[in-house]
There are 2 protein chains.
Amino acid sequence: MIKTHEIIIVDDHLLFARSLASLVDSYDEYTVKYTFQNGSELVAKLASGMALPAIILLDVKMPVMDGIATMKWLKKYKPEAKVIALSMEDEEKTILNMLRNGAKGYLLKDIQPSLLKKALDTVLEQGYFHTEKVTTTLMKSLDPESNSNKEIQLKENEIRFIKLACEEKTYKEIADEMFLSPKTIDGYRQHLFEILGVKNRIGLVLYAIKNGIVEI
Amino acid sequence: MIKTHEIIIVDDHLLFARSLASLVDSYDEYTVKYTFQNGSELVAKLASGMALPAIILLDVKMPVMDGIATMKWLKKYKPEAKVIALSMEDEEKTILNMLRNGAKGYLLKDIQPSLLKKALDTVLEQGYFHTEKVTTTLMKSLDPESNSNKEIQLKENEIRFIKLACEEKTYKEIADEMFLSPKTIDGYRQHLFEILGVKNRIGLVLYAIKNGIVEI
DNA sequence: TTAAAAAACAGGAAAAACCCCTTTTTAAAA
DNA sequence: TTTTAAAAAGGGGTTTTTCCTGTTTTTTAA
C-alpha cells in the first residue's frame with residue numbers, strides 16, 4: 001500500500017490553486033486535502049482542530065491574510081508545520097521574511113513543475129528545500145557587509161499615516177482623519193524620513209509601494 | 001469516440017502553466033497540446049506551420065512577448081484563432097486592449113475553476129465568453145458619458161518629466177536635468193494635473209505607477 | 001507667408017511641505 | 001513613587017509646491 005502525504009494549498013487565485021491541486025494529485029505519493037483562498041481560512045481550520053498536513057503550499061501575496069502574516073501565526077501556534085512558500089516575485093526581503101518565520105522552502109511560480117515534486121520530496125525527507133536562487137539570497141543576507149539586513153519595524157500609527165500619505169491628501173487632512181495634531185503628523189513624517197532614508201513624501205510613497213504597505 | 005479539443009497554454013509561470021494543463025487534461029473533452037512560456041514561442045510554432053488549436057489560453061503579463069503583443073500578431077496572421085486571455089489584474093485598460101485585439105474571452109486567475117470549463121465550452125460553441133466583470137467593463141467603455149474613454153496621449157517631454165517627478169527630486173532639479181526653465185516644468189506640472197485629474201505630485205506618481213510609465 | 005496653436009517662460013503669492021528644537025503628556029520601568 | 005522613554009503637540013522658520021495670470025517663442029498648418 002502506497003502511503004500518500006496530505007497537502008494543503010493556500011492561494012487566492014482559485015484557478016491556480018485548483019490547477020496546482022490537479023498537478024499535485026497526479027503524483028502518487030501526494031494528495032491535496034484542501035485548497036484555501038487565504039491565510040485566514042487555513043488558520044480558522046487549524047485553530048478549530050484540523051490536523052496539520054504533511055506540507056502546506058502557501059502563496060505569499062494574498063489579500064485578507066497574506067503569506068507573511070500566515071507564517072507568523074503558524075510560527076506561533078503550529079511551529080512544526082512544514083510550509084513551502086510560493087511566490088511570483090523574487091524580492092529578497094519577502095523571501096527572507098518568509099524564511100525567518102519558518103518557511104521550509106521558497107519556490108518561484110515560474111519554476112519547472114518537476115522542481116515542485118522535488119521540493120515536496122525533499123522537504124519531507126530533509127525538512128527543507130531551497131533553490132539556488134534562495135540559497136544565494138540567504139548567503140547575501142548573512143553577509144555582514146550587506147547593511148540591508150535590519151528589518152524596519154513600523155508603528156501602527158506610522159503605517160496608518162503612510163497609507164494616507166499615499167493618497168492625494170495634505171498633511172492637514174491626514175491629521176484631521178487621524179484625530180491628531182498636524183504637528184504630530186509632522187513628527188511622524190520627519191521620523192519616517194529618517195528611518196526609511198527618504199528625502200520627501202515622494203520617497204515615502206515609493207517606499208510604501210515597494211514594500212507592500214499600500215496596494216496600488 | 002469522444003472528440004477532444006486541443007488546447008495550447010501560454011504562460012511564463014511554468015508551475016501555473018503545467019498545473020493548468022493538468023486541470024484541463026482532466027476534462028474529457030479537452031487535451032493540452034503544448035504549453036509555451038511566452039508569446040514568441042507560440043508565434044514561432046504557428047509561423048512554422050503548426051495548426052491552430054481549438055483554443056489558446058494566453059497569459060496577459062509575460063516577459064519577452066506579452067499577451068497584448070501576442071494578440072496583435074495573432075490578429076494579423078491568425079485572426080481565426082480563438083484566444084482566452086488569462087490575467088491577474090482586472091485593469092480596465094488591459095482588458096479592453098486584449099478584447100480590442102480579438103480575444104474571445106478574458107478570465108481573471110482568481111475565478112472558480114469550474115468557470116474555466118464553462119469558458120472553454122462556451123467559446124467553442126458560441127465563439128466568445130465573458131464574465132459579468134468583463135461585460136460591465138465593456139459597457140462602461142462604450143458609454144459616451146464615461147469620459148475615461150479617450151486615451152490620454154502624453155508628450156515625450158511630459159513623460160520624461162513624470163519619470164523624474166517619480167524620484168525624490170525637486171522641480172528645480174528636474175528643470176536642470178531637462179535643461180528647461182523651472183517655469184516650463186511648472187507648466188508641464190499644471191497641464192498634467194489637469195489632464196490626468198490629479199491634485200498634487202503624489203497623484204501624479206500614483207498615476208505613473210498605475211499606468212506603467214515608471215517601473216518600481 | 002501668415003494665422004493659429006502649442007511650447008517655453010515669467011512674476012507674484014498663497015499653501016503645503018519640510019526642518020529644527022522645545023514642551024507637555026502618557027506609559028513603562030526602576 | 002520617581003525616573004525614563006516615547007508619543008503628541010507646539011513655535012517659528014525656510015524651501016518647495018501649487019496656482020493664477022500673463023508674455024514670448026517656436027511649431028504647425030492653412
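Each chain gets a letter, A, B and so on, in the order the sequences are listed, and its residues count up from 1.
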Could you give the [atom1]-to-[atom2] distance, from [X] to [N], as a whole number of Å?
X	N	atom1	atom2	answer
A/Lys155	D/dA6	NZ	P	8 Å
A/His191	D/dA7	NE2	P	7 Å
A/Gln190	C/dC21	CD	P	10 Å
A/Glu156	D/dA7	CD	P	13 Å
B/Ile202	C/dC18	CD1	C1'	13 Å
B/Phe193	C/dA15	CZ	P	17 Å
A/Ile185	D/dA7	CD1	P	14 Å
B/Leu192	C/dA7	CG	P	11 Å

(request) Identify whether any heavy atom of B/Arg189 sits under 4.0 Å from a base atom; if not, whether one sits that close to sugar-phosphate; answer base, sugar-phosphate or nothing. (result) base
[N] phosphate, OP1 or OP2: any side-chain N/O from [X] under 4.0 angstrom?
X	N	result
B/Ser181	C/dA8	no
B/Tyr188	C/dC9	no
A/Thr184	D/dA9	yes

(message) Does B/Lys183 contact D/dG22 through a side-chain donor or acceptor facing the base, at a distance under 3.5 Å?
(response) no
(request) May I ask you to verify whether the side chain of B/Asp186 and the base of D/dC19 hold a donor-acceptor pair under 3.5 Å? (result) yes
May I have the list of side-chain donor-acceptor pairs in residues 178-193 of chain A shorter than 3.5 Å, sequence neighbours left out?
| from | atom 1 | to | atom 2 | distance (Å) |
| --- | --- | --- | --- | --- |
| A/Ser181 | OG | A/Lys183 | N | 2.9 |
| A/Asp186 | OD1 | A/Arg189 | NE | 2.9 |
| A/Asp186 | OD1 | A/Arg189 | NH2 | 3.0 |
| A/Tyr188 | OH | A/Asn157 | ND2 | 2.9 |
| A/His191 | ND1 | A/Glu158 | OE2 | 2.7 |

(request) Please give the angle, rounded to 10 degrees, between the axes at the start and the end of the helix from C/dT1-D/dA30 to C/dA30-D/dT1, where five pairs define each axis. (result) 40°
(request) Give a yes or no on whether B/Lys61 atom NZ has more than 12 heavy-atom contacts from other residues, nucleotides or ligands under 6.0 Å away. (result) no
(message) If you compare all heavy atoms of B/Ala17 against all heavy atoms of B/Thr35, which two are closest, and at what distance to 0.1 Å?
(response) O-CG2, 4.2 Å
(request) Indicate the atoms forming the closest heavy-atom contact of A/Asp110 with B/Asp12, along with that distance. (result) CB-O, 3.6 Å
(message) Enumerate the side-chain hydrogen bond (donor to acceptor under 3.5 Å, both in side chains) contacts for residues 193-203 of chain A, please, sequence neighbours excluded, ordered by first and then second residue.
(response) none
(message) Quick check: on DNA chain C, is the nucleotide nearest B/Asn200 upstream (toward 5') of the one nearest B/Leu180, or the reverse? Name the residue that is more 5'.
(response) B/Leu180
(message) Please report the interatomic distance CD1(B/Ile7) to CG(B/Leu116), rounded to the nearest 0.5 Å.
(response) 8.5 Å
(message) Please give me every residue in residues 163-174 of chain A whose heavy atoms get under 4.0 Å of an atom in DNA chain C, ordered by residue number.
(response) A/Lys169, A/Thr170, A/Tyr171
(request) Return each pair, listed once, that meets ring-ring contact (aromatic ring centres under 6.0 Å, His included) where at least one residue sits in residues 43-65 of chain B; pairs must be two or more places apart or across chains. (result) none
(request) Taking A/Glu173 for its side chain and A/Thr170 for its backbone only, find out whether a donor-acceptor pair lies under 3.5 Å. (result) yes
(message) Using side chain to side chain contact (heavy atoms under 4.5 Å, CB included), reason through A/His5 and A/Thr31 one step at a time and then give a plain yes or no.
(response) CA-CA 6 Å; A/His5 304 289; A/Thr31 175; over 6 Å; no
Could you list the donor-acceptor pairs under 3.5 angstrom formed between side-chain atoms of residues 39-59 of chain A and any protein atom two or more places apart in sequence or on another chain?
| from | atom 1 | to | atom 2 | distance (Å) |
| --- | --- | --- | --- | --- |
| A/Glu41 | OE1 | A/Gln37 | N | 3.0 |
| A/Ser48 | OG | A/Ala44 | O | 3.2 |
| A/Ser48 | OG | A/Lys45 | O | 3.0 |
| A/Asp59 | OD1 | A/Lys109 | NZ | 3.4 |

